[in-house]
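Computed from a predicted model, the values in this text were never measured in an experiment.
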Amino acid sequence: MKSSNDQTATQIIEESVHVLKSVPLLIISKYLIGTIPFILYFLFFWGDMSHSSGMESYLAPFSLSLAILFIWMKVWQSIFMTEIKAFKANTKVLWSLKRVVKLILYQTIIQPTGLFLIHATGFLLYLPFPWIFAFYQNYSIDNNEPGIRGRIFSAYRLGCINPRQNIKILFIYSLFGFFVFLNVCSVLYFLPYLLSRILGIETLFSMSGFSFLNPSFLVISMGITYICVDPFIKTTYAIRCFYGSSMLTGEDLTAELKSFKQKSIVFAVILILFLIPISISSQTITHTPNELNESIEETLSQRKFKWKIPRPQEERVRTGMFDSFIDWIKPYFKSFEKTLKKWFESSSRKPRGSNRDVNSYTSSSQISYTKIFVILIIALLCIGLIFFIRNFKLKKKDIGAGENPLQSETPDLTDDYVDADNLKHDKWRELANKLIGEGSYRLALRALLLSILSNMSEKRFLHIARYKSNLDYGYELERRTHDNKDLNLLFRSFVKRFDRVWYGLHEISETDISIYVADQERILGFAEK
């Protein structure tokens with residue numbers, strides 16, 4: 001897993017979007033519970049203080065209520081960012097009453113100062129703005145540091161990690177927030193006119209003309225933009241703090257181990273579910289052996305089961321598979337021993353005129369025949385073992401000397417977790433050509449797609465990540481090469497046809513795979529431009 005220093009700003013933002021899509025709705029609702037009341041009351045406060053004639057009489061209680069709702073928002077945003085970081089670390093957050101009270105106290109002391117420092121550095125002194133903004137975002141995460149000094153030091157240390165990445169994140173979100181603000185203003189301005197022109201519904205906004213564009217309209221647009229953009233910013237800084245703290249605590253490795261542990265627990269549960277029926281069927285029978293034998297004999301004595309009873313045969317004791325093999329091969333050894341015995345007897349017969357006892361010769365020859373037979377079998381086994389070891393070493397040497405590097409590193413294309421970064425794009429192309437020659441057109445098509453993705457990753461048009469789909473790669477390629485329309489159109493067409501073959505039931509022929517190969521060459525050609 002990459003640390004915060006190894007990842008770029010776009011990678012952190014892309015991962016934060018993925019995390020925000022993956023977290024439960026309960027975590028997102030905690031952010032909305034804290035933010036929406038403050039935004040609505042602030043809009044009411046703005047409108048009332050701008051147009052009311054007797055605002056001096058109730059300015060103090062309204063301001064106090066707004067301050068309380070500000071603390072309310074910051075506390076819930078702190079809970080949101082803490083649970084986002086815990087979700088990334090694959091842990092759970094336990095909120096006790098003591099911890100919540102400390103969280104409210106620490107946020108009340110520090111967060112109001114951000115209203116002055118962030119805006120002052122943002123409008124007057126731009127240079128320290130990224131560090132100050134990152135500090136207040138990091139401080140919102142409840143990391144159980146002892147005391148307010150420990151929390152301030154921790155937020156400052158995490159804010160100083162990789163400042164270039166922090167500045168790029170703020171720049172990207174500034175552009176993103178600006179365009180979201182323009183979109184919100186366009187919707188709020190043109191929606192009343194659309195209702196008037198299409199449905200004939202006249203509203204105060206459609207009749208007011210350009211007077212609709214007043215400061216209240218801009219404040220409402222800014223409030224909606226804040227609710228739309230701020231969750232992404234909070235999530236990005238929570239993930240950034242996770243990687244920053246992992247440099248000291250190793251939380252990223254712990255999260256990976258926990259995810260592996262969860263998978264093993266799921267596997268164990270499935271295994272237990274499969275073993276439950278076996279354990280139930282193998283429970284101890286409460287009947288006595290005599291009762292069981294009587295029941296079996298009574299059942300087998302019925303007429304309908306008599307034809308299944310085999311004819312009586314001699315009982316034969318079998319102690320195992322090895323004994324059965326010995327019984328089967330024993331006659332062959334005996335016949336082979338008799339043949340050797342006859343051959344030795346014929347070659348070593350007693351000469352005429354010899355007074356040697358024949359019986360003693362026969363008994364001694366029987367013993368020698370058995371020894372010779374055993375020695376011969378052992379010699380043959382040793383010779384066979386020597387030849388086997390020699391051939392294995394020669395084969396291993398030939399494989400090490402002449403093996404194709406592509407074959408030794410070829411990944412399993414049927415595995416859904418194969419990434420395009422496993423091989424270079426030319427190696428993927430070689431593998432595709434090999435699979436085409438073997439007739440595996442479906443796997444060859446996936447190798448062609450991985451070759452394209454690997455090439456785009458080498459050119460830094462794409463960032464390969466396991467959680468991304470082919471559609472995500474299409475959007476990312478269009479975002480980074482928006483001026484190369486031919487490349488984007490051809491890539492989308494290739495991915496669409498690949499999905500129909502790989503995830504659907506469409507067959508692929510030799511003619512089709514040749515078309516895919518030509519399209520792959522065209523895509524790589526457009527990428528070179």
Check whether N138 reaches the backbone of A134 with its side chain - one donor and one acceptor, N or O, closer than 3.5 Å.
yes

Give the C-alpha distance, both sets of side-chain angles, the deciding distance and a yes or no for side chain to side chain contact (heavy atoms under 4.5 Å, CB included) between L449 and W428.
CA-CA 9 Å; L449 177 62; W428 283 121; over 6 Å; no

Show the numbers, then the answer: is there a side chain to side chain contact (heavy atoms under 4.5 Å, CB included) between Q107 and Y139?
CA-CA 8 Å; Q107 296 298 320; Y139 186 81; 3.9 Å; yes

Report the distance from atom CD1 of I110 to atom CZ of F135, rounding to the nearest 0.5 Å.
6.0 Å

Separation between CD of Q137 and CD1 of I169, rounded to the nearest 0.5 Å
11.0 Å

Pair F181, L218 - check side chain to side chain contact (heavy atoms under 4.5 Å, CB included), show working.
CA-CA 9 Å; F181 175 74; L218 298 178; 4.2 Å; yes

CG-CG distance between L448 and L443, expressed to the nearest 0.5 angstrom:
11.0 Å

S245 side chain to F242 main-chain N or O, any donor-acceptor pair under 3.5 Å?
yes

Checking N166 side chain against P130 main chain: does a donor-acceptor pair fall under 3.5 Å?
yes

Is the number of heavy atoms from other residues, nucleotides or ligands within 6.0 Å of CZ (R99) greater than 12?
yes

Below 6.0 angstrom between ring centroids: does that apply to F232 and Y173?
no

Please report the closest heavy-atom contact between I39 and G223, naming both atoms and the distance.
CG2-CA, 4.1 Å

Under 3.5 Å side-chain donor-acceptor pair for T235 and S16
no

K468 and E14: CA distance, side-chain angles, deciding distance, salt bridge (charged side-chain N to carboxylate O under 4.0 Å, His left out) verdict
CA-CA 10 Å; K468 291 183 181 179; E14 288 174 356; 3.0 Å; yes

With no hydrogens and no angle check, do the side chains of S469 and D472 hold a donor and an acceptor under 3.5 Å apart?
yes

According to the salt bridge (Lys or Arg N to Asp or Glu O under 4.0 Å) rule, which pairs have a member within residues 443-458, sequence neighbours left out?
none

Pairwise distance CZ(F44) to OG(S65) - rounded to 0.5 angstrom
10.0 Å

All N/O donor-acceptor pairs, side-chain side in residues 76-83, below 3.5 Å, sequence neighbours left out:
{"residue": "Q77", "atom": "NE2", "partner": "T35", "partner atom": "OG1", "Å": "3.4"}
{"residue": "Q77", "atom": "NE2", "partner": "Y226", "partner atom": "OH", "Å": "3.2"}
{"residue": "S78", "atom": "OG", "partner": "S140", "partner atom": "O", "Å": "2.3"}
{"residue": "T82", "atom": "OG1", "partner": "S78", "partner atom": "O", "Å": "2.7"}
{"residue": "T82", "atom": "OG1", "partner": "D142", "partner atom": "N", "Å": "2.9"}
{"residue": "E83", "atom": "OE1", "partner": "K30", "partner atom": "NZ", "Å": "3.1"}
{"residue": "E83", "atom": "OE2", "partner": "K30", "partner atom": "NZ", "Å": "2.5"}
{"residue": "E83", "atom": "OE2", "partner": "W95", "partner atom": "NE1", "Å": "3.0"}

Evaluate the side chain to side chain contact (heavy atoms under 4.5 Å, CB included) criterion for residues H463 and S457: first the C-alpha distance (whole Å), next the side-chain angles of each, then the deciding distance (0.1 Å), finally the verdict.
CA-CA 6 Å; H463 169 63; S457 176; over 6 Å; no

For the pair S493 (side chain) and L489 (backbone), establish whether a donor and an acceptor sit closer than 3.5 Å, ignoring hydrogens and angles.
no

How far does OG1 of T108 sit from CH2 of W72, to the nearest 0.5 angstrom?
12.5 Å

Are side-chain N/O atoms of N488 and T481 paired as donor and acceptor at under 3.5 Å?
yes

Would Y473 and E478 satisfy side chain to side chain donor-acceptor pair (under 3.5 Å), going step by step from the backbone distance to the final call?
CA-CA 8 Å; Y473 287 128; E478 185 176 1; over 6 Å; no

Pair Q165, T8: side-chain N/O donor-acceptor within cut-off below 3.5 Å:
no

Could you tell me which residues satisfy salt bridge (charged side-chain N to carboxylate O under 4.0 Å, His left out) with K102, sequence neighbours excluded, listed by chain and number?
none

Residues E476, R480: salt bridge by 4.0 Å N-O rule
yes

Would the distance check show the side chain of S174 and the main-chain N or O of L170 forming a donor-acceptor pair, the cut-off being under 3.5 Å?
yes

